[in-house]
Amino acid sequence: MARVAVVTGGTRGIGRAISETLKAKGYQVAANYGGNDDAANKFQSETDIPVFKFDVGSFEGCTEGLAAIEEKLGPVDVIVNNAGITRDSMLHKMSQEQWEEVIRVDLTSLFNMTRPVINGMRERGFGRIVSISSINGQKGQMGQSNYSAAKAGLIGFSKALAQENARKGITVNVVAPGYVDTEMVAAVPEKVLESIIAQIPVGRLGKAEEIAECVAFLANDNTGFITGATITANGGQYFTS
Ligand code: CAA
């Protein structure tokens with residue numbers, strides 16, 4: 001039986017590339033999305049990958065959404081925590097809402113997505129949890145104290161969860177992309193983006209497909225000795241061990 005993979009934020013940007021790459025590698029993919037029905041319907045008709053609408057920032061939403069996915073496709077083997085938002089602002093101008101919304105969607109979502117399915121993975125003795133961090137969780141980024149905190153927190157979560165489940169056939173890993181050619185990065189002010197691209201040794205933005213390959217590698221049945229790790233894919237913009 002093909003493994004079942006859930007990709008949050010799986011209909012657009014990096015998530016779309018992950019959904020398509022996993023499908024091409026033989027997974028039964030469920031693509032979650034939060035709000036953009038038009039994009040999700042277009043994605044579903046173009047890829048034939050089923051879509052499931054729920055808010056990853058809501059525990060009830062994830063519990064219900066995951067139950068619907070398991071009913072349709074079977075037990076979840078792979079979770080890709082890709083859904084993420086930015087609410088960029090210098091902290092001295094940031095509202096409490098901008099802080100809380102990013103922490104809820106980019107960090108609390110990992111608890112919400114994992115808690116309902118972790119016992120099933122433990123019982124079956126197999127699981128792959130791959131979460132998308134960011135270069136800005138590793139190095140920090142002005143204007144992103146909320147996002148940098150969430151994306152760094154996600155790495156700590158993954159290291160702890162990796163230890164808890166290492167004996168159960170479950171790996172928990174992170175991919176930390178740099179600046180990738182998506183709508184999220186296109187929203188960065190043009191002048192700022194130009195200066196960012198100038199700092200990337202590879203000389204260009206990343207491609208969503210390049211991030212998807214990293215995820216597929218970590219999701220693979222044959223990479224069970226890699227856990228608690230972070231794969232950095234940022235065109236050489238920031239090196240970390
Ligand atoms: N790199 C270098 N300089 C930056 C910068 C950055 N990422 N962000 C802001 N600056 C600079 C600006 O160029 C400006 O410099 P000057 O005064 O010399 O012109 C100064 O900081 C203040 O910026 P603003 O005038 O724009 O101030 P603001 O309060 O109106 O807005 C901001 C501040 C919200 C941080 C805005 O500049 C911004 O959105 N910056 C981009 C932040 C960023 O990099 N976000 C990443 C989004 S993509 C993503 O998150 C995906 C991922 O994982 C990589």
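Counting starts at 1 for both ligands and their atoms, in listed order. Start at 1 with the first residue, then count along the sequence.
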- Check: Ile226 and Thr171 side chains under 4.5 Å, non-hydrogen atoms: no
Side chains of residues 29-40: which donor-acceptor partners sit under 3.5 Å, not counting sequence neighbours?
residue	atom	partner	partner atom	Å
Asn32	OD1	Gly9	N	3.1
Asn32	ND2	Phe52	O	3.4
Asn32	ND2	Phe54	O	3.0
Tyr33	OH	Asp37	OD1	2.7
Asn36	OD1	Asp38	N	3.4
Asn36	OD1	Ala39	N	3.0
Asp37	OD1	Lys53	NZ	3.2
Asp37	OD2	Lys53	NZ	3.3

Check: every ligand 1 N/O to protein N/O pair under 3.5 Å:
residue	atom	partner	partner atom	Å
ligand 1	7 (N)	Gln141	NE2	2.6
ligand 1	19 (O)	Lys191	NZ	3.3
ligand 1	29 (O)	Lys93	NZ	2.7
ligand 1	44 (O)	Tyr179	OH	3.0
ligand 1	45 (N)	Asp88	OD2	2.8
ligand 1	50 (O)	Gln144	NE2	2.9
ligand 1	53 (O)	Ser134	OG	2.6
ligand 1	53 (O)	Tyr147	OH	2.7

- Query: With distance as the sole criterion, is a donor-acceptor pair present between the side chains of Tyr238 and Asn136 under 3.5 Å?
  - Reply: no
- Task: Give me the one residue out of Ile170, Val172, Ile129 that meets side chain to side chain contact (heavy atoms under 4.5 Å, CB included) with Thr114.
- Result: Ile129
- Query: Does a salt bridge link Lys25 with Glu213, judged by any charged N lying under 4.0 Å from a carboxylate O?
  - Reply: yes
- Item | Main-chain N/O of Gly120 paired with Arg124 side-chain donor or acceptor, under 3.5 Å | yes
